[in-house]
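Just dropping this structure here.
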Amino acid sequence: MDNYEDNINNGTEELAQRPDHRIHGRKKDRDKYFVLRNWLNSIFILCAIVGMCIYFFGNRDVGTYVVLGSIVLKFVECIFRVMK
């Protein structure tokens, strides 16, 4: 605990210490599929909204197929997330 040792050396010993991961914050590494996953998520959200609108205000069969298609996009995005 480097943070604890620094506080003792400075004469400001504290009883409770914040973990180092809270103090410095984790920098999220962007994997190589980050942009692709964001696009797939955006398309998924739009297709799901359109599919729900078609389902409730139009043909239920077509709306169901659009929503199922958007779920397939979400599965593909999850596969890229696991491949990270």
Side-chain angles (χ1 to χ4, degrees):
M1 294 204 138
D2 297 328
N3 193 17
Y4 181 72
E5 292 171 0
D6 290 342
N7 286 337
I8 291 176
N9 294 336
N10 292 336
T12 60
E13 182 178 352
E14 298 177 9
L15 296 177
Q17 293 291 321
R18 284 192 180 270
D20 289 336
H21 67 274
R22 293 273 189 177
I23 294 172
H24 302 294
R26 287 187 347 191
K27 294 182 180 176
K28 295 184 179 182
D29 294 331
R30 286 183 150 188
D31 58 299
K32 58 184 175 181
Y33 299 115
F34 182 76
V35 175
L36 177 64
R37 287 190 309 122
N38 279 342
W39 276 101
L40 287 173
N41 271 330
S42 300
I43 294 169
F44 161 72
I45 291 170
L46 289 175
C47 287
I49 291 171
V50 169
M52 293 300 290
C53 289
I54 292 171
Y55 181 83
F56 286 118
F57 300 118
N59 190 347
R60 289 186 176 218
D61 290 337
V62 174
T64 301
Y65 295 137
V66 172
V67 170
L68 289 175
S70 67
I71 291 172
V72 170
L73 285 175
K74 188 61 178 177
F75 282 139
V76 171
E77 187 271 330
C78 288
I79 290 169
F80 282 122
R81 184 176 298 177
V82 170
M83 287 175 36
K84 180 174 151 183

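Computation of the quantities below employed the complete heavy-atom set of this structure, encompassing side-chain atoms and omitting hydrogens, waters and symmetry-equivalent molecules. These numbers come from a predicted model, not from an experiment.
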Worksheet item: CG of N38 to OH of Y33: how many Å apart, nearest 0.5 Å?
Response: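 Separation between the atoms: 15.0 Å.
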Worksheet entry | Listed once per pair and sorted, the salt bridge (charged side-chain N to carboxylate O under 4.0 Å, His left out) pairs that draw on residues 39-61, sequence neighbours left out |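 Applying salt bridge (charged side-chain N to carboxylate O under 4.0 Å, His left out) to every pair that reaches into residues 39-61, excluding sequence neighbours, yields nothing.
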Discussion item. With rounding to the nearest 0.5 angstrom, report the CZ to SG distance, R37 to C78.
Written reply: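 If I round to the nearest 0.5 Å, the distance is 9.0 Å.
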Worksheet item: Roughly how far apart are L40 CG and I45 CD1, rounded to 0.5 Å?
Response: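 Answer rounded to 0.5 Å: 11.5 Å.
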Item to complete: Taking side chain to side chain contact (heavy atoms under 4.5 Å, CB included) as the test, write out the residues that go with V72, two or more places apart.
Response: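 So V72 forms no side chain to side chain contact (heavy atoms under 4.5 Å, CB included) with any residue.
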Item to complete: Establish whether F56 and I49 are linked, either directly or via other cluster members, by ILVMFWY side-chain heavy-atom contacts under 4.5 Å.
Response: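 No: no chain of side-chain contacts under 4.5 Å links F56 to I49.
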Discussion item. For Y65, give me all partners under ring pair (Phe, Tyr, Trp, His ring centres under 6.0 Å), at least two apart in sequence or on another chain.
Written reply: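 Y65 satisfies ring pair (Phe, Tyr, Trp, His ring centres under 6.0 Å) with no other residue.
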Practice prompt. Taking all heavy atoms of M52 and all of V67, pick out the closest pair and write down the distance.
Written response: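 That would be N-CG2, 3.9 Å.
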Practice prompt. Measure the spacing between CZ of F75 and CZ of R81 and express it to the nearest 0.5 Å.
Written response: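 Rounded to the nearest 0.5 Å, the CZ-CZ separation comes out at 13.0 Å.
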Worksheet item: Mind checking whether V50 and F57 sit in one hydrophobic cluster, side chains of I, L, V, M, F, W, Y counted as touching below 4.5 Å?
Response: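 In one cluster: no.
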Worksheet entry | Sequence neighbours excluded - salt bridge (charged side-chain N to carboxylate O under 4.0 Å, His left out) pairs with any residue from residues 64-74 |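 Every salt bridge (charged side-chain N to carboxylate O under 4.0 Å, His left out) pair that includes a residue of residues 64-74, provided the two are not neighbours, is K74-E77.
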Worksheet item: With sequence neighbours left out, what residues match I43 under side chain to side chain contact (heavy atoms under 4.5 Å, CB included)?
Response: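 I43: side chain to side chain contact (heavy atoms under 4.5 Å, CB included) contacts with C47, L73.
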Worksheet entry | Those residues that, when tested against T64, pass side chain to side chain contact (heavy atoms under 4.5 Å, CB included) (two or more places apart) |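 Counting only residues at least two positions away or on another chain, T64 forms a side chain to side chain contact (heavy atoms under 4.5 Å, CB included) with Y55, L68.
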